[in-house]
**Student:** 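Take a look at this one; I'll ask things after.
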Amino acid sequence: MNVLERVPVREQDAKERATNFKEVCLGYNMEEAVEEAQRCIGCKNAQCVKGCPVAINIPGFISEVKKGDIAAAYQVISEASALPAVCGRVCPQESQCEGKCIRGIKGDPVSIGKLERYVADYAREHDIKPEVHAEKKGKKVAVIGSGPAGLTCAGDLAKAGYDVTIFEALHEAGGVLIYGIPEFRLPKEDVVEKEIQNVRELGVKVETNVVVGKSVTIDELMEKEGFEAVFIGSGAGLPKFMGIPGENLNGVFSANEYLTRSNLMKAFREDNPTPIMRGKKVAVVGGGNVAMDAARTALRLGAETHIVYRRSEEELPTRVEEVHHAKEEGIIFDLLTNPVEILADENGWVRGMTCVKMELGEPDESGRRRPVVMKGSEFEMELDTVIMALGTSPNPLISSTTEGLEVNHWKCIIADEANGKTTKESVYAGGDAVTGAATVILAMGAGKAAAKGIDEYLSAR
């Protein structure tokens, strides 16, 4: 065993997976997981824990994996995380826990994410559940949104003995885990639904098809239904566009709509009645994880697919693993390229896109080099579908119907990062509704902080 190199993880063959929606990564088996765990040196002052937004006891759970006691490893993880099978798959470990791993100084960091995934999958397959010992406190808390922030907050509050109800606007619980992340990265039935069921088994009630701000207001939840505190984890579901000519043409989609049709409504299945654009030549504008998800979905639906991004590969905000997988599958990267107009045919459908080539200038306020248009570089791409993956912002419905709840100029709810407290008494918030679009694990960290804040607030009353 070479302790400097991580144990490779098995994956579907690239050519085969580009034609199906089955999970790309196949994960470790027991032998591989134990071998990889042996690479962990069990630091006493573990930097990996400091890199984890929910502060999982990483050396603790890996120590149990070394012994082959996977049930014990699961209980260690469950003390901090309600969604380990999700996090093991979609968290950017390379910039968080694994990015801090001491083993990574002279070799590969320990594959913490893949080990977490193995433990969570083993627990699911062997019907191992999180242990709960809290006494009931007889106090009700409402959680708005069943995405990663809401599920984490609800799970922690239930473990602390609160009577928690989640209100979800859609017909299925899971938020972005259900509608935003494709099946080939995050299986819905085998992974997401099972983890949500674990949260339910902690005693959390989930009510779907409840649009807070329309079906019921936050004030009504507190004044008429007896909830003593409310957590807003409603996410950021409003898509952004570039504001260029042609964005209203037939064949132009937000990545949000495109992925929701495929992921939540199962439009990728041939036998499903939900319509989705099955383009022949698709451009996805953007370079984040959502852009990769949309591009890899379009590829699997039969399209020649291009990522159009105005900076270079070094500046791509998506995970390196996603770029690697996309290239293997045949996604074409048109980098240092920016659209200026979407072109229509005689029937009002997309026929192409006018783009310009870019070059990188001096760094901007983000620290990245600013893209500058190269003079005389205009060219046309022939296309039939354009998907805009430029980020999202929070829906203002809740903030506009809740007096005393302040937002910033991006319509994000103003909340204390340390405890989720908003400007309205008894109301807390976290995740994308506060930060704008970010990662699953950061939303979970915010949900965890808010649960602690709510517990401290209600315990003092």
Side-chain angles (χ1 to χ4, degrees), residues 54-55 78-83 129-169 173-175 195-213 215-235 398-399 401-406 413-431 433-434 443-461:
V54 296
S78 295
E79 290 172 9
S81 175
L83 306 169
K129 302 294 183 183
E131 294 173 356
V132 185
H133 307 292
E135 292 182 12
K136 292 293 183 183
K137 294 187 174 173
K139 295 182 179 181
K140 292 171 62 177
V141 180
V143 171
I144 302 169
S146 62
L151 290 169
T152 299
C153 185
D156 278 15
L157 287 169
K159 289 176 187 175
Y162 291 96
D163 180 359
V164 185
T165 302
I166 295 176
F167 296 97
E168 168 57 48
E195 300 231 296
I196 292 171
Q197 184 57 32
N198 284 345
V199 174
R200 289 180 193 268
E201 289 178 12
L202 294 173
V204 174
K205 296 181 281 295
V206 181
E207 293 190 22
T208 56
N209 300 307
V210 179
V211 182
V212 175
S215 308
V216 65
T217 67
I218 285 178
D219 287 326
E220 286 170 343
L221 287 173
M222 292 193 290
E223 293 167 9
K224 295 182 179 179
E225 300 194 26
F227 290 99
E228 296 186 49
V230 176
F231 172 73
I232 304 170
S234 50
I398 289 175
S399 58
T401 57
T402 309
E403 191 174 341
L405 187 66
E406 293 182 12
I413 297 167
I414 295 171
D416 189 323
E417 186 180 343
N419 59 16
K421 186 173 175 54
T422 71
T423 55
K424 185 175 176 67
E425 181 74 13
S426 307
V427 177
Y428 293 71
V434 170
M444 290 176 63
K448 197 168 194 65
K452 187 171 182 289
I454 290 169
D455 181 37
E456 290 171 352
Y457 168 72
L458 293 179
S459 297
R461 289 183 69 178

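Predicted model only: the values in this text are computed from it and were never measured.
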**Student:** Considering residues at least two apart in sequence or located in another chain, which fulfil the salt bridge (charged side-chain N to carboxylate O under 4.0 Å, His left out) criterion with Glu225?
**Tutor:**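 For Glu225, no residue satisfies salt bridge (charged side-chain N to carboxylate O under 4.0 Å, His left out) once neighbours in sequence are set aside.
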**Student:** Once side-chain contact (heavy atoms from CB on, under 4.5 Å) is applied, do any residues pair with Glu79, and if so which ones, sequence neighbours excluded?
**Tutor:**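 Glu79 satisfies side-chain contact (heavy atoms from CB on, under 4.5 Å) with no residue once adjacent residues are dropped.
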**Student:** Take Phe167 and Leu221 through the side-chain contact (heavy atoms from CB on, under 4.5 Å) test and state the conclusion after the steps.
**Tutor:** CA-CA 11 Å; Phe167 296 97; Leu221 287 173; 3.8 Å; yes
**Student:** Check whether any side-chain heavy atom of Ile218 sits under 4.5 Å from a side-chain heavy atom of Thr401, and report yes or no.
**Tutor:**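 Not in contact.
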**Student:** Side chains of Pro148 and Leu83, heavy atoms from C-beta outward: is any pair under 4.5 Å?
**Tutor:**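 Side chain of Pro148 against side chain of Leu83, heavy atoms only: contact under 4.5 Å found.
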**Student:** To the closest 0.5 Å, what do you measure between CD1 (Ile166) and SG (Cys153)?
**Tutor:**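 The distance works out to 8.5 Å.
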**Student:** Mind checking what makes side chain to side chain donor-acceptor pair (under 3.5 Å) contact with Ser234, not counting sequence neighbours?
**Tutor:**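 Side chain to side chain donor-acceptor pair (under 3.5 Å) list for Ser234, sorted by chain: empty.
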**Student:** Roughly how far, to the nearest 0.5 Å, is CD1 of Ile144 from OG1 of Thr402?
**Tutor:**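 One gets 7.0 Å once the value is rounded to the nearest 0.5 Å.
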**Student:** Do Phe227 and Thr165 make a side-chain contact, defined as non-hydrogen atoms from C-beta onward lying under 4.5 Å apart?
**Tutor:**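 The answer is yes; the side chains approach within 4.5 Å.
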**Student:** Which atoms form the tightest heavy-atom contact between Ala446 and Gly431, and what is the distance?
**Tutor:**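 Heavy atoms of Ala446 and Gly431 come nearest at CB-N, 3.4 Å.
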**Student:** Apply ring-ring contact (aromatic ring centres under 6.0 Å, His included) to Tyr162 and list each qualifying residue two or more places apart in sequence or on a separate chain.
**Tutor:**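 None.
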**Student:** If you look only at distance, which donor and acceptor atoms sit under 3.5 Å apart when one is on a side chain in residues 418-429 and the other is two or more places apart or in another chain?
**Tutor:**
{"unit_1": "Asn419", "atom_1": "OD1", "unit_2": "Lys421", "atom_2": "N", "d": "3.0"}
{"unit_1": "Thr422", "atom_1": "OG1", "unit_2": "Lys424", "atom_2": "N", "d": "3.1"}
{"unit_1": "Thr422", "atom_1": "OG1", "unit_2": "Lys424", "atom_2": "O", "d": "3.3"}
{"unit_1": "Thr422", "atom_1": "OG1", "unit_2": "Val427", "atom_2": "O", "d": "2.7"}
{"unit_1": "Thr423", "atom_1": "OG1", "unit_2": "Gly404", "atom_2": "O", "d": "2.8"}
{"unit_1": "Thr423", "atom_1": "OG1", "unit_2": "Glu406", "atom_2": "N", "d": "2.9"}
{"unit_1": "Lys424", "atom_1": "NZ", "unit_2": "Asp219", "atom_2": "OD1", "d": "3.0"}
{"unit_1": "Lys424", "atom_1": "NZ", "unit_2": "Glu403", "atom_2": "O", "d": "3.0"}
{"unit_1": "Glu425", "atom_1": "OE2", "unit_2": "Tyr457", "atom_2": "OH", "d": "3.0"}
{"unit_1": "Ser426", "atom_1": "OG", "unit_2": "Tyr457", "atom_2": "OH", "d": "2.6"}

**Student:** By the salt bridge (charged side-chain N to carboxylate O under 4.0 Å, His left out) test, which pairs, at least two apart or in different chains, include something from residues 140-160?
**Tutor:**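 The answer is Asp156-Lys448.
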**Student:** Only counting residues at least two apart or in another chain, list the ones meeting side-chain contact (heavy atoms from CB on, under 4.5 Å) with Ala229.
**Tutor:**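 Counting only residues at least two positions away or on another chain, Ala229 forms a side-chain contact (heavy atoms from CB on, under 4.5 Å) with Val141, Ile454, Leu458.
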**Student:** Extract all donor-acceptor atom pairs below 3.5 Å that involve side chains of residues 199-212 and protein atoms in other chains or at least two apart in sequence.
**Tutor:**
{"unit_1": "Glu201", "atom_1": "OE2", "unit_2": "Gln197", "atom_2": "NE2", "d": "3.3"}
{"unit_1": "Lys205", "atom_1": "NZ", "unit_2": "Asp163", "atom_2": "OD1", "d": "2.6"}

